[in-house]
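Before any comments, here is the structure.
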Amino acid sequence: MPELPEVETLRKGFEKYVVGHKILEVEVRDKKLLVGYEKYVVGKKIIAARRFGKGLVIDLSNGSSIAIHIKLTGQFVFRSPAVNNLKLPKQLIDGIPSKFTRVIFKFDRGAVLYFNDVRRFAWMKVVPTSEVGRLPFFAGMGPEPFKDLGFEYFQTMIKKSSGSVKSALMDQKKIGGVGNIYANDALNLARIDPRRKGAGLSTEEIKKLFDAVHTVLKKGLKYGGATEINYVNILGLVGQYQNHFLVYDREGEKCKNCGGIIKKIKIAGRGTYFCPNCQV
DNA sequence: CGAGGTACCTGACAGC
DNA sequence: TGCTGTCAGGTACCTC
């Protein structure tokens with residue numbers, strides 16, 4: 001699912017292919033998105049693509065930005081004469097535009113950016129670039145791995161949380177960017193039972209977890225993210241991290257660490273996978 | 001304030 | 001075949 005590695009992979013794609021293009025036309029097919037804001041983006045050039053946690057920010061040449069959260073099923077797929085000449089592997093999503101295409105950005109030089117979203121959970125907001133940080137989602141977000149998440153803060157945060165350690169990892173207000181997949185895998189790598197209360201973890205365990213969070217996110221980035229439902233990068237290609245899950249979506253299979261059988265339970269309403277044998 | 005539950009939305013899939 | 005029910009996941013919002 002779109003978590004830090006997936007959104008970062010998408011952001012890199014924007015940087016490589018979309019930045020520099022000028023928006024000539026916007027076709028909004030879903031009335032929930034961008035309606036009334038077309039005038040702020042048409043005729044403007046895309047100058048940067050930034051990421052905050054699982055959020056994406058596209059900066060425009062007129063001092064406006066498009067803040068985006070692709071939620072569960074949002075996809076951005078870029079096409080241009082140059083991209084069409086690339087020899088892309090046969091894992092392309094098919095049918096763009098499709099009935100799930102919600103917005104189409106038409107650029108100069110024959111380029112097009114499709115925004116697809118099956119479940120329509122995604123949001124897209126146009127705001128002055130200087131005010132992106134005031135949008136509630138960004139304003140409330142905690143520090144994020146590889147950026148400003150320090151161990152001292154992480155340790156304090158985990159120890160004072162009253163719920164399960166897994167819920168704490170997934171709380172965007174506590175840490176930005178970690179979702180269900182990477183929380184499950186990080187806890188397996190740190191050999192910690194996801195049901196445990198954060199307050200009950202030792203400093204040593206918290207250090208292992210801190211390192212594990214970074215390790216699994218890095219691995220996710222290396223494989224271009226995970227495609228569980230329909231995440232794709234800017235070219236429409238699926239990620240590969242799902243082939244390297246430690247425990248996520250592997251109920252009944254063997255733990256890669258100890259060979260124990262992976263179990264699935266629910267924690268705070270979320271599917272939770274762990275190895276009862278080595279995660280204690 | 002914090003943590004848990006649920007709505008949001010729709011396709012996939014299991015079971016009848 | 002086709003219908004019904006359940007599940008999935010990130011966040012907003014409500015409730016305790």
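First the proteins, then the strands, lettered A, B, ... as listed; each starts at 1. Since the model is a prediction, treat every value here as computed from it, not as a measurement.
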Would you write out the dot-bracket form of DNA chain C, 5' to 3', with Watson-Crick and G-U pairs under 3.5 Å, [ ] for crossing pairs, | for pairs to other strands and . for unpaired bases? .|||||||.|||||||
Interatomic distance, Asn116(A) CG vs dC9(B) C1' [rounded to whole Å]: 16 Å
What integer distance in Å separates Lys197(A):NZ from dG2(B):P? 16 Å
d(CD, Glu3(A); C1', dT11(C)) in whole Å: 13 Å
Would you mind telling me which of dC8(B), dA3(B), dA12(C) lies closest to the side-chain atoms of Ser161(A)? dA3(B)
Nearest-angstrom distance from the residue atom CG of Asp249(A) to P of dA8(C): 10 Å
Compare side-chain N and O positions of Lys266(A) against OP1 and OP2 of dA8(C) and report whether any pair is under 4.0 Å apart. yes
Per Val118(A) side chain, nearest of listed nucleotides dG11(B), dA3(B), dG4(B): dG11(B)
Output yes when Lys12(A) and Glu15(A) qualify as a salt bridge under the 4.0 Å nitrogen-oxygen rule, no when they do not. no
Strictly below 4.0 Å: does Thr73(A) bring a side-chain N or O up to OP1 or OP2 of dT10(B)? no
Please determine if a side-chain N or O atom of Ser162(A) lies less than 4.0 Å away from the OP1 or OP2 oxygen of dA3(B). yes
Of the listed dG11(B), dA3(B), dC8(B), the closest approach to the Lys99(A) side chain comes from dG11(B)
With rounding to the closest Å, how many angstrom separate the P atoms on dC9(B) and dC13(C)? 14 Å
Taking CD from Glu228(A) and P from dA12(B), how many angstroms apart are they, rounded to a whole number? 14 Å
Salt-bridged, Lys106(A) to Glu27(A), with N to O below 4.0 Å? yes
CD of Glu205(A) to CZ of Arg191(A): how many Å apart, nearest 0.5 Å? 12.5 Å
Among the candidates dA3(B), dG10(C), dA12(C), find the nucleotide nearest to the side-chain atoms of Lys174(A). dA3(B)
How many angstroms lie between OH in Tyr17(A) and CZ in Arg79(A), if you round to the nearest 0.5 Å? 10.0 Å
Contact under 4.0 Å: His69(A) side-chain N or O vs dT11(C) OP1/OP2: yes
Can you find a donor-acceptor N/O pair under 3.5 angstrom joining the side chain of Arg270(A) to the base of dT6(B)? no
Tell me whether the side-chain N/O atoms of Gln172(A) come closer than 4.0 Å to OP1 or OP2 in dT11(C). yes
Is the shortest side-chain N to carboxylate O distance from Glu144(A) to Arg51(A) below 4.0 Å? yes
Of the nucleotides dA8(C), dG11(B), dG10(C), which has the atom closest to the Lys71(A) side chain? dG10(C)
When rounded to the nearest 0.5 Å, the distance separating NZ of Lys22(A) from CD1 of Ile46(A) is 12.5 Å
With the side chain of Arg120(A) defined as its heavy atoms from C-beta on, choose the nearest nucleotide among dG2(B), dT10(B), dT11(C). dT10(B)
Gap between atoms CG and C1', on Leu4(A) and dG10(C) respectively (whole Å): 14 Å
Side chains of Asn188(A) and Gln279(A): do they bring a donor and an acceptor to under 3.5 Å? yes
Just how far, in rounded Å, is P of dG2(B) from CG of Leu169(A)? 17 Å
Under the 5.5 Å and 30° test, is Phe121(A) stacked on the base of dT11(C)? no
Just the rounded figure in Å: distance from P of dA12(C) to CE of Met170(A). 14 Å
Option among Lys166(A), Glu228(A), Glu3(A) that satisfies the side chain to side chain donor-acceptor pair (under 3.5 Å) test with Asn180(A): Lys166(A)
